[in-house]
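Heads up, the thing below is written out as structure tokens.
Atoms within a ligand are numbered from 1 in the order they appear, just like the ligands themselves.
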Amino acid sequence: MDKAKVAEILEEIGTLLDLKGENPFKVRAYHNAARLIGGLPQDLGALVESGQLRELKGIGEALTEKITELWKTEKLKYHDELRASLPSGLIAMIAIPGFGPKRAQVVYKKLKVDSVEKLEAACKDGRIAQLEGFGEKSQEKILQGIEQLRRFSGRHHYHKALAAALGIVEALRGHPATIRCEYAGSLRRCRETVGDVDFLVSAKEKDAPALMELFVKLPGIIAVNAKGETKSSVVLDGGIQADLRVVSEAQFPFALAYFTGSKEHNIALRSRALKHGLSLNEYGFSKAGQEQTARDKGSVIKCCTEEDIYEALELDCIPPELREDMGEIEAAEKGTLPKLVEKENLRGAFHCHSTWTDGIETIGSMACAAQELGLDYLGMADHSKSEFQARGLKDEQIPGYIAETRKLDQKFRKLGVRVFAGIECDILEDGSLDYSDRILAQFDYVIAAVHRGFTMEEKKMTARVLKALANPLVTMLAHPTGRLLLSRDAYALDQRAVIEACAKHGVIIELNSHPWRLDLDWRWWKFAKERGVKCAINPDAHSVPDFQSLAIGVGIARKGWLTKDDVVNCLPADKIEAVLKARRK
Ligand code: DGT
Ligand code: CA
Ligand code: CA
């Protein structure tokens, strides 16, 4: 059991209580506790053992007992009972985007609807629209939500798949029969969501069964779908499917390249091989027309690494993130592949929250964390006043917020970390900003964001964002499409026009590295870069562990062909200030 898992269960308890129509305070207590535990910088085990858990704000007697039980036994009776007390179909219904526990409760009580299928039927025959507080529009939205749920099901957020995969790779590498082991597929290509995880191991043929045996019994594997001599398929914790293939050492680079994909990249590579008179598959190279040879006798060109395979095709080695058949083969042929940004290039982080609004750490703690991460600067940006649910800063709080940031900047400068005062400022429905220019001008930088009014039609939404971008006080554009991966689609927006406007005005576009956002999408970055737009990889951190998402952001930036010169937070502290001020002259 880890913190994230405890947080997930507490979150689910809150939702289930809500579904049962329990007291909203109790519901909120669980949701808050989930967030608190998920973001704890300390070791949860130590807090449990020392009894300090009870001392945390918001963790009372009952929650302490439950968290302790979860931590010690990996189970919670209360959670199991709560789940059992509700129809499973009802629980499944709340996974429909935009359809929360409150609505589920109403349709259950009034119409006895207790599954996604029954809900769909009730929408189609118009019964939902007739319910008080629903109407035609929400009935239509629920149908769209169900459609979305089906489209998303079977895919997983990148960070979840990665966390599950890393443990398994480590365990497989620990087996004496393993020569090499890697994960491949969409996870290795750093796609924003992952279908299944593809593991590869090279070993002697006689050792393959032992590796299969190990794999299907690893902790974190909740079901075995198939177990064969050289291939097995399992379900990992969190419902993620995973395959393991064991291949020979000679075959490994070919299998790794093949199963890394993408399929489109593989096809393009194979047709290039054919032009060289070669056939390429997961077994190796063979003379064109003699595909079986590689499997039986080995590759006609010996390759130890993927690099060797690309070299045989007269190509520079293409990083996995770029293998999407989006121009990488041409670039590898011409020797113009970019030198992609790396995690170590990051020098600072913008768009961070604190206890001034909905973050769970003080600005001081965030600065400490930045220092420990070896960053040279931290850009705070709490919410603006329209975000009342997040306790957005009222006009009269701004001087205090800036003063505290300045004070901490003085203190942390001596420790090598600059602290910038910024604001995540709402773009209101008419495209104006949430504060007067006089107030905005006091910040070191302004990151503008759409947080509500998501249903606007494309033209209006685009005009709204463009108007905000035209204000010279806007330094960056936050999460440009508002999407939440696997739950909420991007709002309608002419992304090309927004990128063009950012290029024209010199607005930096955020690559929000929160694993649910990864927004701006990687598919747009190459274009943005060509237009001269700069990127800021921002953690949107509400807690210290949130900084970890920066690594995922770097993966997505790489996928978008970005180099360290394209990413402003790769600049050293003495260069970044001028970039933040550039528009204000
Ligand atoms: P996913 O799992 O949906 O997130 O995406 P991938 O890319 O991991 O796809 P997956 O797991 O179906 O297959 C892994 C890789 O195997 C894929 O990226 C490329 C290769 N592959 C699978 N099917 C084909 C195929 O029909 N043709 C070729 N050339 N390669 C394939
Ligand atoms: Ca896969
Ligand atoms: Ca697969």
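Below 30°, between 30° and 60°, or above 60°: for Phe285 and Phe254 the angle between ring planes is above 60°, a perpendicular geometry. Aromatic ring orientation, Phe199 versus Phe215: perpendicular (interplanar angle above 60°, classes split at 30° and 60°).
The heavy atom nearest to atom 21 (N) of ligand 1, considering only Tyr258, Tyr183, Phe259, is found in Tyr258. Nearest to atom 7 (O) of ligand 1 by heavy atom, out of Arg189, Arg323, His265, Glu192, is Arg189. Closest heavy-atom approach to atom 19 (C) of ligand 1 within the set Leu280, Asn266, Thr260: this belongs to Asn266.
The pair Lys124-Glu120 meets the salt-bridge criterion, since a charged nitrogen lies less than 4.0 angstrom from a carboxylate oxygen. A salt bridge links Arg173 with Glu182: the distance from a Lys NZ or Arg NE/NH1/NH2 to an Asp or Glu carboxylate oxygen falls below 4.0 Å.
One N or O on the side chain of Arg189 and one on the backbone of Thr260 form a donor-acceptor pair closer than 3.5 Å. For the pair Asp198 (side chain) and Asp243 (backbone), a donor-acceptor distance under 3.5 Å is absent.
Using a 4.0 Å cut-off to heavy atoms of Gly185, the atoms of ligand 1 that qualify are 8 (O). For ligand 1 and Asp198, the ligand atoms under 4.0 Å from any heavy atom of the residue are 8 (O), 11 (O), 14 (C). With ligand atoms numbered from 1 in the order given, ligand 1 contributes 4 (O) to contacts under 4.0 Å with heavy atoms of Val194.
Checked options Gln290, Lys287, Glu291; the residue passing with Ser279 is Glu291 (criterion: side-chain hydrogen bond (donor to acceptor under 3.5 Å, both in side chains)).
Using a 4.0 Å threshold on non-hydrogen atoms, atom 9 (O) of ligand 1 does not count as touching the protein. Atom 27 (N) of ligand 1 lies below 4.0 Å from at least one non-hydrogen atom of the protein.
Side chain to side chain, His175 and Glu213 fail the donor-acceptor criterion of an N or O pair below 3.5 Å. Remark: the His514 side chain and the Asn538 side chain contain no N/O donor-acceptor pair separated by less than 3.5 Å.
With respect to the Ca ion (ligand 3), Asp198 has OD1 as its nearest N, O or S atom.
Shortest contact from atom 3 (O) of ligand 1 to any protein heavy atom: Arg155 NH1, 3.2 Å. When hydrogens are left out, the protein atom nearest atom 11 (O) of ligand 1 is Asp196 OD1, 2.8 Å; that is the closest non-hydrogen contact. Ranking protein heavy atoms by distance to atom 1 (P) of ligand 1, first place goes to Ser186 OG, 3.5 Å. Protein heavy atom closest to atom 17 (C) of ligand 1, with residue, atom name and distance, is Gly261 CA, 4.0 Å.
Residue Gly195 places at least one N or O, backbone or side chain, under 3.5 Å from an N or O of ligand 1.
Of the heavy atoms in Arg191, none comes closer than 4.0 Å to ligand 1.
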Could you walk me through whether Glu8 and Lys5 pass the salt bridge (Lys or Arg N to Asp or Glu O under 4.0 Å) test, one step at a time?
CA-CA 5 Å; Glu8 202 180 302; Lys5 191 75 200 164; 3.7 Å; yes
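Cys190 is not listed as a side-chain neighbour of Arg558, based on a closest heavy-atom distance of 4.5 Å or more.
Asp196 lies close to the Ca ion (ligand 2), since one of its N, O or S atoms is found at a distance under 3.0 Å.
Look at Lys263 and you'll find a heavy atom under 4.0 Å from some atom of ligand 1.
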